[in-house]
Undergrad: 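Structure in structure tokens, see below.
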Amino acid sequence: MTDDRKRNILFILTFIFTTIYLVWRTLFTLPIHEGLWNIIFGVLLLLAEITTTFTTFELYYNKMKNKRAILDFPTIPDDAYPDVDVFIATHNEPVELLYTTVNACTYMEYPDKSKVHIYLCDDGNRAEVKELAKKLSVGYLGLADNKHAKSGNLNNALKHTNSPLIATFDADMIPQRTFLMETVPYFLLPKYKKESDGTYRIRKEEEIDPNFKIGLIQTPQSFYNQDLFQFNLYAQNSIPNEQDFFSKEINTLRNVTNSVAYTGSNTVIARCAMEEIGGFPYDTITEDFETSIRIQKAGYITYSTSKVLAAGLSTTTIPSMIKQRVRWAQGVIQSIQNTNAIFTKKLPIRANISYLNAFLYWWSFFNRFIFILSPILFALFGFQLVECDFIELVIFWIPSFILYNLSMRYLSSHIRSQRWSQIIDTILAPYLVFPVLLETIGIHQRKFKVTNKKKTSNHTTKLRFIIPHLVLLLLSVLALIKFIYGKYGWSLFYSSVIIFWLGYNLIALCYAIFFMLGRPSYRKYERIRAKENITVTYQGCIMEGKTVDVSQQGISFILDKPIHIAKEDTFEIKITTKHYNATLNAHLVYVKESNNSWMYGAVIEPKTEDDLREYLQIIHDRLHSLPTKIDPWMTSYDDFIRNVRLRLRPGIRQRRESARVKIDKKVRFEEGIQATIHDFNFRYFTLSQISNLQQEELTLQLPNTSLHLKKANDIRPSYGVLYELTNAQELLRQGIQLYQIVEFINEMEVTL
């Protein structure tokens, strides 16, 4: 049996057992004889369960049908590639951030680069942005007194350009060099037909389907920095970025219903589609989402791919993340209302259902709040929200619960688990319930707010963000204590379901508090893991190595043999990849032994402007190094213990500034004195078992040179005596490095 068939059987079983459970809940468990408040909260709990299940059922269906919605990727001749306008929208982002994005756009591959027209679309008319455009030889479209936010900025760009395709990027979204080559060919599908041998030819006039029109190709919104869930919860090695679930799973599943969401960046759009809908809409704060709905209503296909072709910056502060999610929630509801997406006949019924689910998704945070509050109301305040006995609950609930959790794994391709979904919903719930409610009843937010993605170096906890979760945590603990008190034996067993839910919610609330406590951030720039070939040059010594990670400010690399680099000296690093090469000036920060090799960390500065541009591409023209799958072996207990342990650990560890190599070899010095050399870091030797401790200076003869040592009386390690190497600089000038001295000593045959 294939994996797809197993998955589909699991989905069908989940659908059957969950439907049975919900029918039982609706017909037989409502507390209709327990008073008004019990009925109200009982109905709210049931509605929360129904809406949560309904949205998931649609995803199951789309997952089972997804392969039927996959578009072919055509192979087309180079001269068939059309002109493309590339819009980089900016409002108030710093020039340094824009530089990286614009630079990457200039490196995008295309059969005829003269057909790629790059524009910095500046909603601010800033002189420094205009100068950047001139410096990098791209177009500049400034706009002053814009009253329509990003929509006005992009519509201004549409007015001043004319290419048949438009690629849009946010200011922080950095495309890979292959972005256009892996998106543009989709737009030629209506003109090209695939033959039985796999080749493509131009369709004859009678073979062209006028209703087959590609309007938009959306690629995933990916991020090269840790998002707040990964960073604040020390989960950067165990869970993917929180947005991966939507970008790589949910949005691609919406191909089935042609209801793909345009997410504002990393996208290519047909100009004819934009002209048909009258440009980017003004009456919403999520113009991107509404644009995709209007394109779909105009009869165009919108398609989402799962391959990451660009990456940007995730929000780095809790206030900015909350503002971002509130804007998304309000904007999605606005756009659905503006376009009548749930009821319009211009969309197929399956798309209507998808947009109903898009609306209901933002109510999932209210549902989570109800799921947390319900066992508290029952256990602490005596509310009767469900009328049933223990055996009934076990029979109807447990099968659906187990199958639902298993199906979630298959649904998300191991990007998201049910546990992590509930943790994330718990964290966000207190801040989204009221904005969603107000937007739904017509109290709108109309002002567009740009998300702040500035990296913060210092962490400050804002107590007001923790208060809602602390209150819910305290109530859950009190409810658990009161509910368990006095129970034992079978009584405790029959109470296990309520105890389970109180404990389950407690874990999620603990994570929410961990999240709000955050953690310090010491780096200005994100380190990205990368293994690239390098050449290190220092005072005539040239060594080959590989990078471990790279960033705009620093680099770490591995050498097979230890070398000494004085901290005050500048050395050179040349990085060579298949597509780029850059030469950097570097200053050593630390060195440490790592798996029989030596790892060096350095701050860097590209030598020239060309080196800077190439080095930025070396950093960013790659898939990010953060997890793409959830770690299936990491349990809630493991996560919890890890968070506690890492929060109690000292934040900064001491690191050596020079390599210290263990030798442990007995030698005889020229003065006739015997000793054991324990280790050596080019500045100091550690000696023990010295036959004459009165000797202040020692000489060790090596091939073609000698080592001159002088006792360092001010420093005495517990395991030996420290001697300074007084002719270290002379040895470096002779081209003798640390690893060579160690090899000389180890090869010595000494008669003692």
Side-chain angles (χ1 to χ4, degrees), residues 56 59 63 220-253 263 306-308 311-318 320-322 324-325 328 361 364-365 368 404-429 432 453 459 469 504-521 523 526-529 549 622-647 649:
T56 310
L59 297 178
K63 188 77 170 182
Q221 290 263 31
S222 184
F223 303 92
Y224 59 83
N225 67 321
Q226 300 170 35
D227 71 12
L228 284 174
F229 299 98
Q230 294 170 310
F231 184 76
N232 285 4
L233 296 175
Y234 293 92
Q236 65 271 17
N237 295 319
S238 58
I239 63 169
N241 186 287
E242 183 256 345
Q243 283 299 297
D244 281 1
F245 183 48
F246 176 79
S247 289
K248 295 180 180 179
E249 288 292 331
I250 303 300
N251 216 24
T252 57
L253 291 179
T263 57
S306 59
K307 186 175 183 179
V308 173
L313 275 171
S314 183
T315 53
T316 57
T317 67
I318 291 171
S320 63
M321 185 202 70
I322 291 173
Q324 180 192 64
R325 301 311 163 92
W328 288 354
Y361 165 76
S364 65
F365 302 99
R368 181 95 291 270
Y404 188 88
N405 278 272
L406 290 174
S407 293
M408 189 66 184
R409 291 273 185 173
Y410 277 100
L411 178 65
S412 68
S413 300
H414 303 287
I415 292 176
R416 179 76 64 83
S417 67
Q418 181 70 2
R419 175 172 63 94
W420 273 108
S421 287
Q422 294 188 350
I423 288 170
I424 291 168
D425 288 354
T426 300
I427 290 169
L428 295 173
L432 284 168
K453 296 184 178 181
H459 167 74
H469 300 103
Y504 195 85
N505 291 335
L506 269 173
I507 292 172
L509 289 166
C510 285
Y511 276 105
I513 291 171
F514 283 147
F515 178 87
M516 294 303 174
L517 288 173
R519 59 184 273 208
S521 175
R523 286 175 174 163
E526 201 70 21
R527 286 288 180 100
I528 297 174
R529 290 195 294 272
D549 54 48
R622 63 177 68 248
L623 292 175
H624 62 68
S625 51
L626 294 169
T628 57
K629 302 285 185 182
I630 199 166
D631 183 354
W633 303 107
M634 186 64 69
T635 66
S636 297
Y637 173 81
D638 295 327
D639 279 327
F640 186 87
I641 295 300
R642 179 187 60 207
N643 265 274
V644 172
R645 177 172 52 82
L646 293 176
R647 288 173 193 282
R649 188 184 68 181

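Since we're looking at a predicted model, the values are computed, not measured.
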Undergrad: For the residue pair His624 and Ser222, establish whether any side-chain heavy-atom pair is separated by less than 4.5 Å.
TA: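 In short, these two side chains touch, coming nearer than 4.5 Å.
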Undergrad: Output the distance between atom OG1 (Thr628) and atom CD1 (Ile239), rounded to the nearest 0.5 Å.
TA: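 Rounded to the nearest 0.5 Å, the OG1-CD1 separation comes out at 13.0 Å.
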Undergrad: Counting C-beta onward and ignoring hydrogens, is there a side-chain heavy-atom pair between Met321 and Leu428 closer than 4.5 Å?
TA: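 They are in side-chain contact.
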Undergrad: Applying side-chain hydrogen bond (donor to acceptor under 3.5 Å, both in side chains), can you list everything that pairs with Tyr504, at least two apart in sequence or on another chain?
TA: Gln422
Undergrad: Would you call Met408 and Ser421 a side-chain contact if the rule is heavy atoms closer than 4.5 Å?
TA: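 Yes - at least one pair of side-chain heavy atoms lies under 4.5 Å apart.
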Undergrad: Once ring pair (Phe, Tyr, Trp, His ring centres under 6.0 Å) is applied, do any residues pair with Tyr361, and if so which ones, sequence neighbours excluded?
TA: Phe365
Undergrad: Can you name the side-chain hydrogen bond (donor to acceptor under 3.5 Å, both in side chains) partners of Thr252, sequence neighbours left out?
TA: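 By the side-chain hydrogen bond (donor to acceptor under 3.5 Å, both in side chains) rule, Thr252 matches no residue at all.
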Undergrad: Listed by chain and number, what are the side-chain contact (heavy atoms from CB on, under 4.5 Å) partners of Leu506, not counting sequence neighbours?
TA: Leu473, Ser476, Val477, Leu480
Undergrad: What pairs with Thr263 under side-chain hydrogen bond (donor to acceptor under 3.5 Å, both in side chains), at least two apart in sequence or on another chain?
TA: Gln218, Gln221
Undergrad: Please evaluate residues Ile427 and Met516 with respect to the criterion side chain to side chain contact (heavy atoms under 4.5 Å, CB included), reporting the C-alpha separation (whole Å), side-chain torsions for both, the decisive distance (0.1 Å), and the verdict.
TA: CA-CA 8 Å; Ile427 290 169; Met516 294 303 174; 4.0 Å; yes
Undergrad: Scan for salt bridge (Lys or Arg N to Asp or Glu O under 4.0 Å) pairs involving residues 234-244, sequence neighbours excluded, and state none if there are none.
TA: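 Every salt bridge (Lys or Arg N to Asp or Glu O under 4.0 Å) pair that includes a residue of residues 234-244, provided the two are not neighbours, is Glu242-Arg325, Asp244-Lys248.
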Undergrad: Is Arg519 reaching over with its side chain to a backbone N or O of Asn232, donor-acceptor style, under 3.5 angstrom?
TA: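 No; zero donor-acceptor contacts below 3.5 Å.
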Undergrad: Using the salt bridge (Lys or Arg N to Asp or Glu O under 4.0 Å) rule, collect all pairs that involve residues 411-429, keeping only residues at least two apart or in two chains.
TA: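 Every salt bridge (Lys or Arg N to Asp or Glu O under 4.0 Å) pair that includes a residue of residues 411-429, provided the two are not neighbours, is Arg419-Asp639.
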Undergrad: Quick one: list whatever passes ring pair (Phe, Tyr, Trp, His ring centres under 6.0 Å) with Phe514, sequence neighbours left out.
TA: Phe640
Undergrad: Is it true that a side-chain atom of Asn643 and a backbone atom of Leu233 form a donor plus acceptor pair closer than 3.5 Å?
TA: yes
Undergrad: How about Tyr404 and Thr56: does a side-chain donor come under 3.5 Å of a side-chain acceptor?
TA: yes
Undergrad: Would you mind reporting whether Thr317 and Ser320 have side-chain heavy atoms less than 4.5 Å apart?
TA: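 They are in contact (side-chain heavy atoms under 4.5 Å apart), so the answer is yes.
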Undergrad: Mind checking side-chain contact (heavy atoms from CB on, under 4.5 Å) for Leu623 and listing every partner two or more places apart, or none if nothing turns up?
TA: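 By the side-chain contact (heavy atoms from CB on, under 4.5 Å) rule, Leu623 matches Gln176, Val308.
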Undergrad: For Ile322, what residues pass the side-chain contact (heavy atoms from CB on, under 4.5 Å) criterion, not counting sequence neighbours?
TA: Ile318, Val326, Tyr431, Phe465
Undergrad: Kindly write out the residues that satisfy side-chain hydrogen bond (donor to acceptor under 3.5 Å, both in side chains) with Tyr410, not counting sequence neighbours, or none if the list is empty.
TA: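 By the side-chain hydrogen bond (donor to acceptor under 3.5 Å, both in side chains) rule, Tyr410 matches no residue at all.
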Undergrad: Quick one: salt bridge (Lys or Arg N to Asp or Glu O under 4.0 Å) pairs with a partner in residues 622-633, sequence neighbours left out?
TA: Glu532-Arg622
Undergrad: Could you tell me if the ring centre of Phe246 sits under 6.0 Å from that of Trp328?
TA: no
